[in-house]
Amino acid sequence: TVTYNALIDGLCRSGNLKGATKLFSSILEKGLVPSGVTYTIMINGNCNAGDMSEAFRLYDEMLSRGILPDKFTYNALIGGCCKVGKLERAVELFNEMLQKGFATVLTFNTLIDDFCKLGKLQEATQLLKVMVDKQILPDNVTYTTLIDGHAKAGKIKEACLLFSEMQERNLMPNAVTYTSLIEGHSRAGNMSEASALFKEMMDKGIKPDEVTNHVMIHTPCKEGNLVEAFKLQDAIIAKGIQ
RNA sequence: CCGCUAGU
């Protein structure tokens with residue numbers, strides 16, 4: 001079963017949901033019993049493909065076989081529901097999880113990210129408070145998600161506040177965190193702040209990765225700030241970063 | 001570490 005699971009997961013990840021579904025059916029035909037993990041992989045694959053009706057069909061099938069969902073299953077379903085805008089259903093599942101004590105920092109992170117993407121920044125920030133109340137500690141992904149959400153909404157001030165707050169909690173910003181914030185400043189036309197952050201991250205020994213460099217160079221271009229883009233590009237080359 | 005979250 002473990003081998004099948006890995007194969008199915010691989011197929012889902014490479015976007016071959018059809019192949020994964022075939023393999024899954026073949027397991028059933030052989031009279032083998034898929035495990036909860038098998039179902040979760042299939043459910044997650046369908047969620048990522050936006051096919052929530054199939055995801056829920058599988059979910060029901062797994063329940064009818066007496067296989068209980070765990071935090072992975074719930075998180076996948078919640079993420080899928082949010083992606084297709086079925087917030088009510090997501091919140092229902094979320095409450096179920098809370099009752100069962102299944103909610104983890106990942107659950108919150110998933111929800112917070114989806115709320116941010118739907119432009120519900122208030123609710124997303126509220127969830128941060130809820131999780132702290134529940135003694136589930138936010139991690140750097142939680143903050144990075146919120147920072148990115150606020151930065152993309154043009155709420156740079158809030159993004160910066162969150163950035164300080166996360167450091168007060170002794171959470172380390174990583175390349176993703178910096179990149180989100182840099183992009184925010186850059187899109188707001190504040191290149192000096194963007195390069196200051198870029199420098200700060202290097203001083204801390206955090207290596208900018210390909211996304212960081214892409215953002216540094218392309219965002220000012222989009223804003224019509226070619227001069228800045230070239231300056232930054234030179235700086236990047238000078239530091240010997242790829 | 002067989003499966004669920006963040007940035008281009």
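Naming convention: chains lettered A, B, ... in sequence-line order (proteins, then strands); numbering from 1 in each chain. If you're wondering where the values come from, they're calculated on a predicted model, not measured in any experiment.
The side chain of A:Ala6 lies closest to B:C2, out of B:C2, B:G3, B:A6. Taking the side chain of A:Thr40 as heavy atoms from C-beta on, and the options B:C4, B:A6, B:G3, the nearest nucleotide is B:G3. Closest to the A:Thr179 side chain, of the nucleotides B:G7, B:C4, B:A6, is B:G7. Distance from the side chain of A:Val141 is smallest for B:A6 among the nucleotides B:C4, B:A6, B:G3. Of the candidate nucleotides B:A6, B:U5, B:G3, B:G3 has the atom nearest to the side chain of A:Thr73. The side chain of A:Asn5 has B:C2 as its nearest neighbour among B:C2, B:U5, B:G7. Looking at the side chain of A:Asp113, the nearest of the listed nucleotides B:C4, B:A6, B:C2 is B:A6. Distance from the side chain of A:Val211 is smallest to B:U8 among B:U5, B:U8, B:G3. You'll find that the side chain of A:Asn109 is closest to B:U5, out of B:C4, B:G7, B:U5. The side chain of A:Asp70 lies closest to B:G3, out of B:A6, B:G3, B:C4.
A:Phe94 and A:Phe108 have their aromatic ring centers within a separation under 6.0 angstrom.
Interatomic distance, CE of A:Met62 versus OG1 of A:Thr38, reported as 9.0 Å (0.5 Å rounding). Note that the SG atom of A:Cys82 and the CZ atom of A:Arg89 stand 12.0 Å from one another [nearest 0.5 Å].
One finds a side-chain N or O of A:Lys117 lying less than 4.0 angstrom from the OP1 or OP2 phosphate oxygen of B:G7. Using a 4.0 Å cut-off, some side-chain N or O of A:Lys152 falls inside it from OP1 or OP2 of B:U8. Contact between the side-chain N/O atoms of A:Arg13 and the OP1/OP2 oxygens of B:C2 is not found at any separation under 4.0 Å.
Taking 3.5 Å as the limit, the base of B:G7 and the side chain of A:Ser180 contain no donor-acceptor pair of atoms between them. A donor N or O paired with an acceptor N or O is found under 3.5 Å between the base of B:G7 and the side-chain atoms of A:Thr212. Judged by distance alone with a 3.5 Å cut-off, no donor-acceptor contact links the side chain of A:Asn140 to the base of B:A6.
Ion pairing of A:Lys129 with A:Asp133 is absent here, as no side-chain N (NZ or NE/NH1/NH2) approaches a carboxylate O to less than 4.0 Å.
Using a 4.0 Å heavy-atom distance criterion, A:Ala151 is classed as making no nucleic acid contact.
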